[in-house]
Amino acid sequence: MKIIVAPDSFKECLPARRVAAVMADAISKTLPAAKVQAIPLADGGEGLLDVLTPALEAREHTVTVKDPLGRPVQARFAVWNGTALIEVAQACGLHLLKPEERHPLEADSRGVGELLLAAHRLGCRFFLVGLGGSATCDGGAGMLSVPGISQLKDSRFEILCDVDAPFIGPLGAARVFAPQKGASPLEVTLLEARMARLAEQWLQETGVDVADMPGAGAAGGLGGAFLVHLGASKVSGIRKVLELVRFREAVQGADLIITGEGRSDAQTLLGKVPFGVLQNAGNVPVALVSGCIDDRDALQRAGFGRIREVTPRDMLLSEALQPQTAEGLIIRAVQSLF
C-alpha cells in the first residue's frame, strides 16, 4: 500500500515538514507494511522556503535587512539553478512583530527590496516570490524606495499568489487585510487613502492602472508593486509548488493521499494547499486531516473522501497550539482513518 502525506503547515503551531513527518510516523506505526512518502507543501506564503529549499536541494543564504519597523533582522532566501526563492514574510512578516507593534500605518516593505537586491548580487535574474504573511500595507512603496532597486529591471519575476484582491476598494488590501494586521477603522481609512494616492501616482508615471488589478492587493499591495514596476507575472502558489516538487509524478500508483492545514473551511476551496492536492490527485482518494473543520458539507462535495478534525472542540486554543499536544492530536486523527 502506497500512501502520500502532503500537508500544509498548521500555522502558529507546526511547520509543514514537521506535520508531514508526524503524519508519516503515525501511518508507519499503524500500517508497518505501507510505503509512506512525505511531501510537505506551501501555497506561496510563509513556509515556502522551508518546503522548497530541501525539495529542490537549493542553497540557502541569510542576509541582514530591515524588518517592518526598520530594525535589522536576519532574513533567508534560497538559490536554485540561478533562480532566487524569496519569501517576503522573511523581511516584512507579521510574525516579526509583537502584537502591540502591529501598526500598518508605520510598517513598510523596505526589507523586501533589500532581500531582492541581495539575491541579484549573487547573479539571480529570475525570482520566484511568495507573497503572504506581511505586516505591511504600504503598496510596496517601501520596497520600491530602496536605492538600486531599478537594477532589477533586467530580471523576471513570478509572484506566487492565490489572492485576487485588487489594490484599493471594498475588497482591496487596506479594507480587507489591514484589520488583520492591527489597523483600527480610522487607520484603515487612512491606509486606503494612501493606497489610492499611490495608484494615481503610478498611473501617471507608467500608464498602468493598478486600482482594480487582480492580485495587486496581495501582501499589503506588494503584489501591485511587483506587477506594475517589476513586470511580474502572477501564478497560483500551490500550483507552482506542486509543479516544482513533481507532485503528480509522486502520486502515481498511490492508494491514498492525506493532506491538511491548520483550519479547513469553504476558503480552502479558493486555492489553498488541500484543494490544490485534491485537484492534482488524479483518481487517488484524498483524506483531509486539519486542525479545525468548518463547512464540512462543502468540503465533502468538493471531493475529500474522509475528513478528520484534529482538535477537540472543548479544548482551549492555547493548549491545542502547544506543539507536543498538536502532534499527539494529529497522530490520533491520522490513525483514526485506518
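Using modelled atom types, one side-chain atom of E101 and one backbone atom of K98 make a donor-acceptor pair closer than 3.5 Å. Using a distance-only test at 3.5 Å, with no hydrogens or angles considered, no donor-acceptor pair links the side chain of S264 to the main chain of S290. In this structure a side-chain-to-backbone donor-acceptor pair under 3.5 Å is present from T311 to G291. Remark: side-chain polar atoms of S109 are paired, donor with acceptor, to backbone N or O of M143 under 3.5 angstrom. Panel note: side chain R156, backbone F127; no donor-acceptor pair is recorded below 3.5 Å. Proximity of a side-chain donor or acceptor of R306 to a complementary backbone N or O of F338 within less than 3.5 Å is not detected. Side chain of R125 to main chain of H120: a donor-acceptor pair is present (N/O by atom type, distance under 3.5 Å, no hydrogens or angles). Looking at T189, its side chain does come within 3.5 Å of a backbone N or O of P185 through a donor-acceptor pair.
Contact check on E158 versus K234 returns no salt bridge, with no Lys/Arg side-chain nitrogen under 4.0 Å from an Asp/Glu carboxylate oxygen. R76 and D50 are joined by a salt bridge, as a carboxylate oxygen and a charged side-chain nitrogen come within less than 4.0 angstrom of each other. A salt bridge links D294 and R313; the closest N-O separation between the charged side-chain nitrogens and carboxylate oxygens is under 4.0 Å.
Atom CD of Q300 sits in a crowded spot, with more than 12 heavy atoms from other residues, nucleotides or ligands closer than 6.0 Å.
Aromatic ring centroids of W80 and F126 lie 6.0 Å or more apart.
Under the rule for a side-chain contact (heavy atoms from CB on, under 4.5 Å), the partners of K11 that lie at least two apart in sequence or sit in another chain are D8, S9.
Distance check: L48 CG to T53 OG1 gives 8.0 Å after rounding to the nearest 0.5 Å.
For the pair F77/T62, no side-chain contact is recorded, criterion being any heavy-atom separation below 4.5 Å from C-beta on.
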